[in-house]
Enquirer: 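The structure follows.
Just so we're clear, the structure is a prediction, and the values are computed from it rather than from any experiment. Chain letters run A, B, ... following the sequence lines, proteins first, then strands; residues in each count from 1.
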Protein chains: 2
Amino acid sequence: MGRNKLPMKRIENNTSRLVTFCKRRNGLIKKAYELSVLCDIDIALIMFSPSGRLNHFSCKRRTEDVLNRFVNLSDSERGRYLYTISI
Amino acid sequence: MGRNKLPMKRIENNTSRLVTFCKRRNGLIKKAYELSVLCDIDIALIMFSPSGRLNHFSCKRRTEDVLNRFVNLSDSERGRYLYTISI
DNA sequence: TTCGCTATGTATAACAA
DNA sequence: TTTGTTATACATAGCGA
């Protein structure tokens, strides 16, 4: 998106990485909010910023409550992983 | 986005709501993945589908590990809430 | 629930501040 | 770290299957 296409890898320039984080985080939260409202669902989103600070977002319920809903599921119910990407 | 602009409220038609969930969930996961890679950060995303099924996603670490990182923060550190929208 | 198509609405990269 | 501007790249609504 934007003026150029960004290669999908870590942005090495510190300033650029922080600016991109700031903007994309806001975009991601907006999308999460829209999905929650349009589809009437619980969402929790947890992010640790490049500087290590926590950023979290939730809709309809508190983040902690959504997490509890997650934690209280059995392993089999929790098994529906979409992706787990480890680098 | 798309052919028409959607009003920001619950989609009442059941089929439409499920189709929209399916598509936007995939888009949200893609965005979360990109943010994690570009900015080199931990992310966890938890969603309960309209049918009540869990969908979760994480990058770099397992969802459970990101949640633990969240849970282990003190209240003050956790205080940086961006938004909490209760309906 | 998911996939393909495609007209349109959005998000965002680069730059400046 | 966040905001504004603007040219582009992307996401997605509606429809058919």
Enquirer: Provide, to the nearest angstrom, the distance between the CG atom belonging to A:Leu54 and the P atom belonging to D:dT1.
Expert: 13 Å
Enquirer: Is there side-chain contact between A:Leu6 and B:Leu38, with at least one heavy-atom pair below 4.5 Å?
Expert: yes
Enquirer: Where do B:Ser16 and B:Ile11 come nearest, in terms of heavy atoms and distance?
Expert: CB-CG2, 3.7 Å
Enquirer: With P as the reference atom in both, quote the distance from C:dT1 to D:dA17 in angstrom, rounded to an integer.
Expert: 23 Å
Enquirer: Where do A:Ile41 and A:Ser36 come nearest, in terms of heavy atoms and distance?
Expert: O-OG, 2.7 Å
Enquirer: Note down the inter-axis angle between the two ends of the helix from C:dT2-D:dA17 to C:dA17-D:dT2, five pairs each, to the nearest 10°.
Expert: 60°
Enquirer: Taking the side chain as every heavy atom from C-beta outward, state whether B:Phe21 and B:Asn55 have any pair of such atoms under 4.5 Å apart.
Expert: yes
Enquirer: Specify the closest pair of heavy atoms between B:Asp40 and A:Arg10, including all atoms of both residues, with the distance to one decimal.
Expert: OD2-NE, 3.0 Å
Enquirer: Any carboxylate oxygen within less than 4.0 angstrom of a Lys/Arg side-chain nitrogen, looking at B:Glu12 and B:Arg17?
Expert: no
Enquirer: Tell me whether the side-chain N/O atoms of B:Arg25 come closer than 4.0 Å to OP1 or OP2 in C:dT1.
Expert: no
Enquirer: Base, backbone or nothing for each nucleotide of nucleotides 12-17 of chain C, written B, S, -, heavy atoms under 4.0 angstrom, 5' to 3'?
Expert: BBBB--
Enquirer: Taking CG from B:Leu35 and P from C:dA11, how many angstroms apart are they, rounded to a whole number?
Expert: 15 Å
Enquirer: Once you round it to whole Å, what is the distance between C1' of C:dT1 and CG of B:Asn55?
Expert: 12 Å
Enquirer: Quickly work out the A:Asn13 CG to D:dT1 P distance and round it to whole Å.
Expert: 15 Å
Enquirer: Between B:Ile41 (CD1) and D:dT1 (P), how many Å, whole number?
Expert: 12 Å
Enquirer: With a 4.5 Å cut-off on side-chain heavy atoms, are B:Phe57 and A:Leu45 touching?
Expert: no
Enquirer: For A:Glu34, which of B:Lys5, B:Lys31, B:Arg24, B:Arg25 qualifies under salt bridge (Lys or Arg N to Asp or Glu O under 4.0 Å)?
Expert: B:Arg24
Enquirer: In whole angstrom, give the distance that lies between atom CZ of A:Arg17 and atom P of D:dT2.
Expert: 15 Å
Enquirer: For B:Lys30 and for A:Asn14, locate the closest nucleotide of DNA chain D by heavy-atom distance; then report the residue assigned to the nucleotide nearer the 5' terminus.
Expert: A:Asn14
Enquirer: Could you go through A:Thr20 and B:Cys39, starting from their C-alpha distance and side-chain angles, then the distance that decides it, and tell me whether this counts as side-chain contact (heavy atoms from CB on, under 4.5 Å)?
Expert: CA-CA 7 Å; A:Thr20 293; B:Cys39 302; 4.1 Å; yes
Enquirer: Would you kindly give the CG-to-C1' distance between B:Leu18 and D:dG14, to the nearest whole Å?
Expert: 16 Å
